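To start, the structure under review is shown below, and the notes come after it.
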Amino acid sequence: TRTPVNVTVTGAAGQIGYALLFRIASGQLLGADVPVNLRLLEIPQGLKAAEGVAMELDDCAFPLLRGITITDQAATAFDGANVALLVGARPRTAGMERGDLLQANGGIFGPQGKAINEHAADDIKVLVVGNPANTNALIAQRNAPDVPAERFTAMTRLDHNRAVAQLAKKTGATVGDIKKVTIWGNHSATQYPDIFHAEIAGKNAAELINDQAWLESDFIPTVAKRGAAIIEVRGASSAASAANAAIDHVYTWVNGTAEGDWTSMGIVSDGSYGVPEGLISSFPVTTKDGKFEIVQGLEISDFSRARIDASVGELVEERDAVAGLGLI
Ligand code: NAX
């Protein structure tokens, strides 16, 4: 029998946590044969609600769930952690400037990065979901100097999945027929969902659709602003789809991308495609045996270049801002 994998989830009492924990405990994060211990990190005000979630987890009698720890101490939550899903973050509230937002999140992701550095298992894999996800991941990564930088990732899989769904809608294809979509840059409205290398049932997506107006004024803004559209219609931000994307991200990282396909992940740049080294930016990646590689050699048109540069420029500004605040 396998030793349980320790999975830490921060913001466990929030709405993404509620949609996420049951799927982790049922085996969808790591595989149907992998037992898990859950470590739930919350702020003190969130502990009671986290206890309630833990009661419901008990009531599911998940065969793979071997233990639940609930704590407001990062050192306890990350002790021996193999996988960490950093979901809890400080949301932007009315009147808050970007500097305030970054400062508040630095106060969360700096200490969590340090706790991961000191207490996590050697094979720790980190996914940052809490916004601003890329820069929060950068803060955590820079505060964990003993952990290989590639273990810190930010979630753009929800954007990736949204792009796949929009392509399926537009063409009538099934989502399973759609491959090689890329999200470049920041998980924000500047992100660039790229269909120029995507395939629909083996045919190039951009050539098949052949509709530049749709691409520019429909597809790209629909994907990039989907989060706001969900809030408007649902009255609350994306939760189940975000949890689903977090499951997909880690499952793909651990278990590999399918032959002939790739995924999108926010990862530390090695300078590929002109993205400054060290930034956490979304790239097309393939994964195998728990490691990922950036897909190399893609031709980038002027249209794509301008959009990638704009989103990466925003990441540079965010990095400079957190550096200016002494957070990295
Ligand atoms: P909620 O406000 O429902 O839950 C957040 C939870 O985090 C709360 O229970 C809060 O007590 C807890 N928390 C706050 N600070 C904490 C800390 N220092 N340590 C531990 N827990 C802490 O938000 P929810 O809807 O669950 O969203 C969570 C985060 O995901 C937000 O930052 C949100 O912006 C972000 N998202 C990111 C997405 C992505 O694609 N990367 C998409 C969905 C979502 O918008």
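Here, residue 1 is the first one in the sequence, and each next residue gets the next number. We count ligands from 1, going down the list as the structure has it; atoms in each ligand are counted the same way. Atoms considered below: every heavy atom in the structure, side chains included; atoms not considered: hydrogens, waters and symmetry mates. It should be emphasised that the depicted structure is a prediction, and the values quoted were computed from it without experimental measurement.
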Side-chain heavy-atom pair P193, W184 within 4.5 angstrom cut-off | no

When Ile, Leu, Val, Met, Phe, Trp and Tyr are grouped by side-chain heavy atoms lying under 4.5 Å apart, directly or through other members, which residues fall in the same group as I280?
-> L41, F78, L86, L102, I108, F109, I116, I124, V126, V128, L138, I139, V147, F152, V268, V322, L325, L327, I328

Excluding sequence neighbours, so at least two apart, what forms side chain to side chain contact (heavy atoms under 4.5 Å, CB included) with V254?
-> L30, K125, V250

May I ask you to test the P276-V316 pair for a side-chain heavy-atom distance under 4.5 Å?
-> yes

Salt bridge check: are K180 and E199 linked by an N-O gap of less than 4.0 Å?
-> yes

Around ligand 1, what residues show up once you keep those with a heavy atom under 4.0 Å from it?
-> G11, A13, G14, Q15, I16, L41, E42, I43, V87, G88, A89, I108, Q112, V129, G130, N131, M155, L158, H187, S237, S238, A242

Which pairs of donor and acceptor atoms, one on a side chain in residues 45-56, lie under 3.5 Å apart (sequence neighbours left out)?
residue, atom, partner, partner atom, Å
E56, OE1, Y18, OH, 3.3
E56, OE2, Y18, OH, 2.7

